[in-house]
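Just below is one structure, and these are the notes that go with it.
Naming: A, B, ... by sequence-line order, numbering from 1 per chain. Hydrogens, waters and symmetry mates play no part in the numbers below; they use all other heavy atoms, side chains included.
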Number of protein chains: 2
Amino acid sequence: MFMNKLPDKTVERLSQYRRSLNNQLAKGKTHIFSHEIANLLHITPVQVRRDIMLIGYSGTLRKGYDIKEMVELIGKIIDTDSGLKMAVIGMGNLGKAFIHYLFEKRTKLKIVAAFDVNPDKVDKKYADVQCYHLDQLEEIINNEGITIGIITTPPEVASPMADRLKKAGVKGILNFTPRALSPREGVYLEEYDMITSLEKVAYFVKQKDTN
Amino acid sequence: MFMNKLPDKTVERLSQYRRSLNNQLAKGKTHIFSHEIANLLHITPVQVRRDIMLIGYSGTLRKGYDIKEMVELIGKIIDTDSGLKMAVIGMGNLGKAFIHYLFEKRTKLKIVAAFDVNPDKVDKKYADVQCYHLDQLEEIINNEGITIGIITTPPEVASPMADRLKKAGVKGILNFTPRALSPREGVYLEEYDMITSLEKVAYFVKQKDTN
DNA sequence: ACAATGCTGTTAAATTTTTAACAGTTCTAA
DNA sequence: TTAGAACTGTTAAAAATTTAACAGCATTGT
């Protein structure tokens, strides 16, 4: 793709645009205006138009944007042609939640394996995803060509897991553990901690109270 | 608190600082340098110092920051004195994961109720949190003085839940559903969609490939 | 046919957030 | 007791992101 690097924030929003657009498609809509998209995500129409400009798409004046075309274009930018394979490490509640979340939704980003050490979970299937014993991590990542690892283990083992993932050849890690990982050369690392979101809400709720 | 509004991003980081600092405390450390904190969260030392400045704290030169003092100060800013009560709506995997995540961790932010419609779940306890039938939502929110609602239901019902929460008097909503909610007057709304994080990773992994 | 309307695409301005620069203070060590 | 190193606190500059402003063009209505 000829695309020069998009701003981080735009990339984040593209993913949200697509999901909302798909929802609209499902409702039978074929075209959509920037202000409609904006309402769906509660951001401003300008921001929507600007993002769309940056990815090089154009709407039809007076008709808005062709939803299907736009979804496809976003796909070209966000997905790889071949699709990326992913593995979830740790099949606790969060790991399961994640797998169900994605189930039936994404065509391109595909979870192809889950790992755990609990014998009750190993060899079971969760929403079509096979759970393997952690010992097989390297083997399966190699065989399947998995490039993204999602860590949903207890925090204590997050760091060793990241090491193993890196060694096994993974190129991106998404860490859901509350313990921040140090970045590893050549591996894109994204972290998310639910508590951060929560405390943010709490702060603003408190703020509102005292003002 | 005399505090003027802190930047959004700083508030987010405060919560992360605290968690890391608590980890260090647990290891027996009493003081810490800005660059150490920075390493833990992989951000820059300058940013750490700046945030600390903004909350009006000072470290001792050459010794760094007193971890305990700092944790307490962050608490004063982030927590309310009385503590905030929260409820989780929807006890699927994600709801459960969330409750366990918080279990034993936070003193101030406390989940005091969970809601679901599934009779197998109603009246059970999850990590010390009582699960009620959804019908009792308004009643319990009022009785308990719950001010924050965390939505982990299927996406279709997220919006009606937000309405009910608002009507019941909740002041902040954290939505984990992939369907974005429209903002409601007087209620702080924070959204998080796991897929966004995932697609961001995917994008940058792909990017790295082609460069 | 022509003015008004409604929306897009884009450039420019404003705001927010991050990074840099550096002066100042405590400690160390010759 | 003085030079140097190690950090902090803060102001200033840079970069990233959001918002505003507006020109331009289909479509609608008169």
Closest of C/dA20, D/dT18, C/dT8 to the B/Val46 side chain is C/dA20
Taken to the nearest whole Å, CG/B/Asp66 to P/D/dC7 is 17 Å
query = Given C/dT8, is OP1 or OP2 found less than 4.0 Å from the side-chain N or O atoms of A/Ser34?
reply = yes
Whole-Å distance, A/Ile55 CD1 to C/dT10 C1', equals 15 Å
Practice item. Just say parallel, tilted or perpendicular for the rings of A/Phe204 and B/Tyr188, cut-offs at 30° and 60°. Key: parallel
From OH of B/Tyr65 across to P of D/dA6 the rounded distance in Å is 17 Å
Residues passing the side-chain contact (heavy atoms from CB on, under 4.5 Å) test with A/Glu72, sequence neighbours excluded, are A/Lys68
Does a nitrogen or oxygen in the side chain of B/Ser58 sit under 4.0 Å from OP1 or OP2 of D/dG9?
yes
From CZ of A/Arg13 across to P of D/dT19 the rounded distance in Å is 9 Å
Taken to the nearest whole Å, CD1/A/Ile37 to P/C/dG9 is 11 Å
Per atom distances to the B/Asp8 side chain, the nearest of C/dT17, D/dT10, C/dG9 is C/dT17
Between A/Glu36 and the options A/Lys27, A/Lys29, A/Arg49, the salt bridge (charged side-chain N to carboxylate O under 4.0 Å, His left out) test singles out A/Lys29
Rounded to whole Å, NE2 of A/His35 lies from P of D/dT19 at a distance of 18 Å
Closest of C/dT8, D/dT8, C/dT28 to the B/Arg62 side chain is C/dT28
According to the interplanar angle, ranging from 0 to 90°, do the rings of B/Phe176 and A/Tyr192 count as parallel (below 30°), tilted (30 to 60°) or perpendicular (above 60°)? perpendicular
* Asked: Counting only side-chain N and O atoms of B/Thr44, is one of them less than 4.0 Å from OP1 or OP2 of C/dT18?
  -> no
Ranking D/dT19, C/dG9, D/dT8 by distance to the side chain of A/Ile52, first place goes to C/dG9
A/Ile43 CD1 to D/dT17 P, in whole Å, measures 14 Å
ask   = Do the side-chain N or O atoms of B/Arg50 get closer than 4.0 angstrom to the phosphate oxygens (OP1, OP2) of C/dT16?
value = no
Quiz item: Under 4.0 Å: is that the gap between some side-chain N or O of A/Arg49 and OP1 or OP2 of C/dG6?
Solution: no
Aromatic rings B/Tyr65 and B/Tyr57: how do their planes relate, parallel, tilted or perpendicular, breaks at 30° and 60°?
tilted
Between CD of B/Gln47 and P of C/dT16 the distance, given in whole Å, is 17 Å
Touch check for A/Thr10, heavy atoms < 4.0 angstrom, all strands: base, sugar-phosphate only, or nothing? nothing
Against the side chain of B/Leu61, the closest entry in D/dT17, D/dT8, D/dA21 is D/dT8
